[in-house]
Colleague: 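To start, I am sharing the structure in question, which I have written as structure tokens.
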Amino acid sequence: MTYLFISDLHLSPDHPRLVRGFLDLLTEYQNQNTQLYILGDWFNAWIGDDYTSPWLDEIVTALKQFTQAGNQVYFQAGNRDFVLGSKFLARFGGQLLPEIDQLIIAGTHFRLEHGDALCTDDVSYQRFKKIIRHPWLLGFLRKTPLSFRTRLANRFRQQSHQAQQFKSYEVMDVNPHAVELALQDVDVLIHGHTHRAAIHQLAQKRRIVLGDWKEDSAEILEIQEDQSFDTLKLKKWRY
């Protein structure tokens, strides 16, 4: 069995090459008995499971073929697509994971998360996250028209981009103590969000940061069921 971990694709109709890269990835792993884990920011923005479009329909069709071949798809919400839910995933047999999940492969314990919760020094973002993801507010937003949600998502993206210009590298990266706590009961932490692909050795444990998808390649993680813990490394996916 192949375990495949990706994050921060930021798919949208404005970047067809990224969409093609994801579709090619599904084709590449179609016949490898694959468990695909998408750890957040799959889409550049997600305005609701009731959203439809030809470019998205193509992705759903490919995902149906992928799961019908016996593969599995798991999704964990990111800061760009946290309203993506089970209704959309049901269209192709995908499963929604909690914000923090654990997985055991060949006796190695992995912790999976998007990574934004580890950036505890970014106080303004953590405050905004707590508000915008309140169940009451999410329930209200899901009942508003798609046009309103589209404008709101665009505004949030603009505000986020402007805010990042005034934040330091350290503030937007993970907090060491938060990482230490996350690794307490596991061997390996896998996350995305920071767009700083790397494998960090922390005593006898590891933190693996998945890369964001650029115009021609991405840093992803492939693990085989019988693979040794010591041989884990990021893989360059080119498209």
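Keep in mind the model is a prediction, meaning the values are calculated, not measured.
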Colleague: Pair Ile190, Leu210 - check side chain to side chain contact (heavy atoms under 4.5 Å, CB included), show working.
Modeller: CA-CA 7 Å; Ile190 303 176; Leu210 303 171; 4.1 Å; yes
Colleague: Does the side chain to side chain contact (heavy atoms under 4.5 Å, CB included) test come out yes or no for Leu221 and Leu4, once each step is laid out?
Modeller: CA-CA 6 Å; Leu221 178 65; Leu4 187 62; over 6 Å; no
Colleague: If you measure from the Lys or Arg side-chain nitrogens to the Asp or Glu carboxylate oxygens, is any gap between Asp173 and Arg196 under 4.0 Å?
Modeller: yes
Colleague: Taking side chain to side chain contact (heavy atoms under 4.5 Å, CB included) as the test, write out the residues that go with Asp187, two or more places apart.
Modeller: Thr108, His109, Phe229
Colleague: Indicate the atoms forming the closest heavy-atom contact of Ser7 with Gly192, along with that distance.
Modeller: OG-CA, 3.4 Å
Colleague: Please check if the number of heavy atoms outside Glu215 that lie under 6.0 Å from its CD is greater than 12.
Modeller: yes
Colleague: Quick one: closest heavy-atom pair of Pro98 and Gln76, and the distance?
Modeller: O-NE2, 2.9 Å
Colleague: How far does CG of Leu18 sit from CZ of Arg20, to the nearest 0.5 angstrom?
Modeller: 12.0 Å
Colleague: Are any of the side-chain heavy atoms of Asn79 and Lys129 separated by less than 4.5 Å?
Modeller: no
Colleague: Rounded to the nearest 0.5 Å, how far apart are CZ of Phe5 and CD of Gln35?
Modeller: 8.0 Å
Colleague: Assess whether side chain to side chain contact (heavy atoms under 4.5 Å, CB included) is satisfied between Val123 and Gln126, documenting all intermediate values.
Modeller: CA-CA 5 Å; Val123 177; Gln126 297 299 339; 5.8 Å; no
Colleague: Please report the interatomic distance OG1(Thr2) to CG(Asn31), rounded to the nearest 0.5 Å.
Modeller: 11.0 Å
Colleague: Nearest heavy-atom pair of Gln201 and Ala203: which atoms, and what distance?
Modeller: NE2-O, 3.0 Å
Colleague: Can you find a heavy atom in the side chain of Leu146 that is under 4.5 Å from one in the side chain of Asp50?
Modeller: yes
Colleague: When rounded to the nearest 0.5 angstrom, what is the spacing between OG in Ser86 and CZ in Arg91?
Modeller: 14.0 Å
Colleague: Can you confirm whether the side chains of Ser124 and Asp122 place a donor and an acceptor under 3.5 Å from each other?
Modeller: yes
Colleague: Just so I know, are the side chains of Tyr74 and Leu39 near enough to count as touching, which here means a heavy-atom distance under 4.5 Å?
Modeller: no
Colleague: Is Lys214 salt-bridged to Asp212, going by a charged N under 4.0 Å from an acidic O?
Modeller: yes
Colleague: In terms of side-chain heavy atoms, does His191 have a donor or acceptor partner in Arg207 at a distance below 3.5 Å?
Modeller: yes
Colleague: Between Tyr239 and Trp213, how do the two ring planes meet: parallel, tilted or perpendicular, split at 30° and 60°?
Modeller: parallel
Colleague: Minimum heavy-atom separation for Leu234 and Ile199, please, with both atom names.
Modeller: N-CD1, 3.8 Å
Colleague: Establish whether Leu118 and Leu181 are linked, either directly or via other cluster members, by ILVMFWY side-chain heavy-atom contacts under 4.5 Å.
Modeller: no
Colleague: Should the pair His193 and His114 be assigned to parallel (<30°), tilted (30 to 60°) or perpendicular (>60°) ring geometry?
Modeller: perpendicular
Colleague: Sequence neighbours excluded, which residues qualify as side chain to side chain contact (heavy atoms under 4.5 Å, CB included) partners of Pro145?
Modeller: Ser147, Phe148
Colleague: Between Tyr37 and Ile6, does a side chain to side chain contact (heavy atoms under 4.5 Å, CB included) hold up when you go through it step by step?
Modeller: CA-CA 6 Å; Tyr37 289 82; Ile6 61 177; over 6 Å; no
Colleague: So if you build clusters from Ile, Leu, Val, Met, Phe, Trp, Tyr with side-chain heavy-atom gaps below 4.5 Å, do Ile105 and Leu97 land together?
Modeller: yes
Colleague: May I ask you to check whether Tyr29 and Glu222 show a side-chain donor-acceptor distance below 3.5 Å?
Modeller: yes
Colleague: Could you check whether atom NZ of Lys143 has more than 12 heavy atoms from other residues, nucleotides or ligands sitting under 6.0 Å from it?
Modeller: no
Colleague: Look at the rings of Phe92 and Phe88 and say which category their plane angle falls in: under 30° parallel, 30 to 60° tilted, over 60° perpendicular.
Modeller: perpendicular
Colleague: Do Thr34 and Gln72 have a side chain donor and acceptor closer than 3.5 Å?
Modeller: no
Colleague: Can you spot which of Asn44, Asp116, Asp8 makes a side chain to side chain donor-acceptor pair (under 3.5 Å) with Arg80?
Modeller: Asn44
Colleague: Is it the case that the side chain of Thr144 and the backbone of Phe140 share a donor-acceptor pair, with hydrogens and angles ignored and the cut-off at 3.5 Å?
Modeller: no
Colleague: Do Glu219 and Lys236 meet the salt-bridge criterion of a basic N to acidic O distance under 4.0 Å?
Modeller: yes
Colleague: Could you tell me if the side chain of Leu36 sits less than 4.5 Å from the side chain of Leu26, heavy atoms only?
Modeller: yes
Colleague: Would you say that more than 12 heavy atoms from the other residues, nucleotides or ligands in this model lie under 6.0 Å from the NE2 of His200, or not?
Modeller: yes
Colleague: Would Tyr3 end up clustered with Val73 when hydrophobic side chains under 4.5 Å apart are linked, directly or stepwise?
Modeller: no
Colleague: Output yes when a side-chain donor or acceptor of Gln227 lies under 3.5 Å from a complementary backbone atom of Gln224, and no otherwise.
Modeller: yes
Colleague: Indicate yes or no for a side-chain donor-acceptor contact from Gln184 to the backbone of Glu180 under 3.5 Å, with no hydrogens or angles considered.
Modeller: no
Colleague: Can you see which heavy atom on Leu202 is nearest to which on Val179, and at what distance?
Modeller: CD1-CG1, 3.8 Å
Colleague: Donor-acceptor pair, Asp81 side chain versus Leu84 backbone, under 3.5 Å?
Modeller: no
Colleague: What class does the angle between the rings of Trp42 and Phe22 fall in, given that below 30° is parallel, 30 to 60° is tilted and above 60° is perpendicular?
Modeller: perpendicular
Colleague: Is Ile223 reachable from Val186 through a run of hydrophobic residues whose side-chain heavy atoms are each under 4.5 Å from the next?
Modeller: no
Colleague: Looking at Leu183 and Val188, what are the two nearest heavy atoms and their distance?
Modeller: CD2-C, 4.0 Å
Colleague: Check side-chain hydrogen bond (donor to acceptor under 3.5 Å, both in side chains) between Asp14 and all other residues, then give those that pass, not counting sequence neighbours.
Modeller: none
Colleague: Can the ring centres of Trp46 and Phe82 be said to be less than 6.0 Å apart?
Modeller: no
Colleague: What's the separation between atom NZ in Lys233 and atom CZ in Arg206, rounded to the nearest 0.5 Å?
Modeller: 11.5 Å
Colleague: Does Ile104 belong to the same Ile/Leu/Val/Met/Phe/Trp/Tyr cluster as Leu112, with side-chain heavy atoms less than 4.5 Å apart forming each link?
Modeller: no
Colleague: Nearest 0.5 angstrom please: Met1 CE to Asn33 CG, how far?
Modeller: 4.5 Å
